[in-house]
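Scroll down for the structure; my scribbles are underneath it.
FYI, side chains are in, hydrogens and waters are out, and symmetry mates aren't considered; it's all heavy atoms of this structure. Since we're looking at a predicted model, the values are computed, not measured.
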Amino acid sequence: MTEADQKFIDRFAASDRDALGDWLLARRPALSAYIERRLGMALRCKIEAEDLVQEVNADAIRSAAEIDFSKRDPFGWLCQIAERRIIDAHRRFFGSQKRSAGRERSMDAGVDSQGGGLVDLLVASMTTASQAFSRDQRQIRLLAALESLPEDQRTALRLRYLEGLPSKEIAQRLEKTDGAIRVMLTRSLAKLQELLEE
């Protein structure tokens, strides 16, 4: 936690009305950088990062009174709000036109006979709210299958199919070769398909 965060917590606890506004202004560059990193190329074409910063700040102002900052990292809380906003934006712009698996790779066979490619289901699952009851059975099974994969495979899948990054950029982020990432993505999707068929 930064010194600025601690000062904010102290001021906020003392009911300083300007504490939240001052802190949000001070943390704006860091929040903007976080959103830029998380936005993904597909969303970047649809929405400006600064628009999301504004929405996150508005959400923070509305909900700050309910948060006990003595038990919570303020910037982590802000990043969680940003993550929700990014997911909402993804649903808004791509919810009815999930990324076509055929454009990405040949593994676009349906998960089951009811249709819906594995990659489309993967995108839907990774951008659906966390309440399990709101998901259909296939998404619940897919999330369980995802949890069985190693962390680097889950990260690679998220970066490729949720954020739309090319394999070269994923390779740089995960400090692997482009070829290794392509193999990892292929094997990860194959493993998910196998787990879902079980």
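To the nearest 0.5 Å, atoms CZ (R37) and CZ (R173) are separated by 8.5 Å. Note: R158 CZ to L165 CG = 8.5 Å, rounded to the nearest 0.5 Å. We find the CD-CD1 distance between Q172 and I181 to be 10.5 Å, quoted to the nearest 0.5 Å. Atoms CG and CD, from L174 and E151 in turn, are 9.5 Å apart once rounded to the nearest 0.5 Å. For the atom pair CZ of F75 and CD of Q80, the computed distance is 12.0 Å after rounding to the nearest 0.5 Å. A distance of 13.5 Å separates CG in L157 from NZ in K191, rounded to the nearest 0.5 Å.
The minimum heavy-atom distance linking I81 with A60 is given by the pair CD1-CA, 3.9 Å. Of all heavy-atom pairs between I47 and L39, the closest is O-CD2, 4.0 Å. In plain terms, the two heavy atoms of R154 and L149 that are nearest each other are NH1-O, 2.6 Å. The shortest non-hydrogen separation linking F12 to A64 is CZ-O, 3.7 Å. What you find for I61 and L20 is that their closest heavy atoms are CA-CD2, 3.7 Å. Scanning both residues, P29 and L25, for their nearest heavy atoms gives CD-O, 3.9 Å.
For the pair K7 and D10, the salt-bridge criterion is not met [side-chain N within less than 4.0 Å of a carboxylate O].
Residues R182 and L185 fail the side-chain proximity criterion, which asks for heavy atoms closer than 4.5 Å. Looking at E48 and V53, their side chains never come closer than 4.5 Å, going by heavy atoms from C-beta outward. Using a 4.5 Å cut-off on side-chain heavy atoms (C-beta onward), L24 and V56 make no contact. Using a 4.5 Å heavy-atom cutoff, the side chains of K176 and D152 are in contact. Under the 4.5 Å side-chain criterion, counting only non-hydrogen atoms from C-beta, E36 is in contact with R44. At least one side-chain heavy atom of T2 sits under 4.5 Å from a side-chain heavy atom of R27. Side-chain atoms of T155 and I170, non-hydrogen and from C-beta on, never get closer than 4.5 Å to each other. Residues D16 and D22 are not in side-chain contact: their nearest non-hydrogen atoms beyond the backbone lie 4.5 Å or more apart.
A donor-acceptor contact shorter than 3.5 Å is absent between the side chain of R160 and the backbone of S167. Judged by distance alone, with hydrogens and angles left aside, the side-chain atoms of S188 form a donor-acceptor pair with the main-chain N or O of M184 at under 3.5 Å. Side chain of R187 to backbone of Q153: no donor-acceptor contact under 3.5 angstrom is found. Side-chain atoms of R72 do not come within 3.5 Å of backbone N or O of W77 as any donor-acceptor pair.
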Start with the C-alpha gap between D59 and R84, add the side-chain angles, then the distance that decides, and say whether salt bridge (Lys or Arg N to Asp or Glu O under 4.0 Å) holds.
CA-CA 10 Å; D59 286 353; R84 284 196 302 268; 6.0 Å; no
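When each of H90, R91, R85 is tested with I87 by the rule side chain to side chain contact (heavy atoms under 4.5 Å, CB included), just one qualifies, namely R91.
A parallel orientation is assigned to the rings of F8 and W23, their planes being inclined by less than 30° (bins at 30° and 60°).
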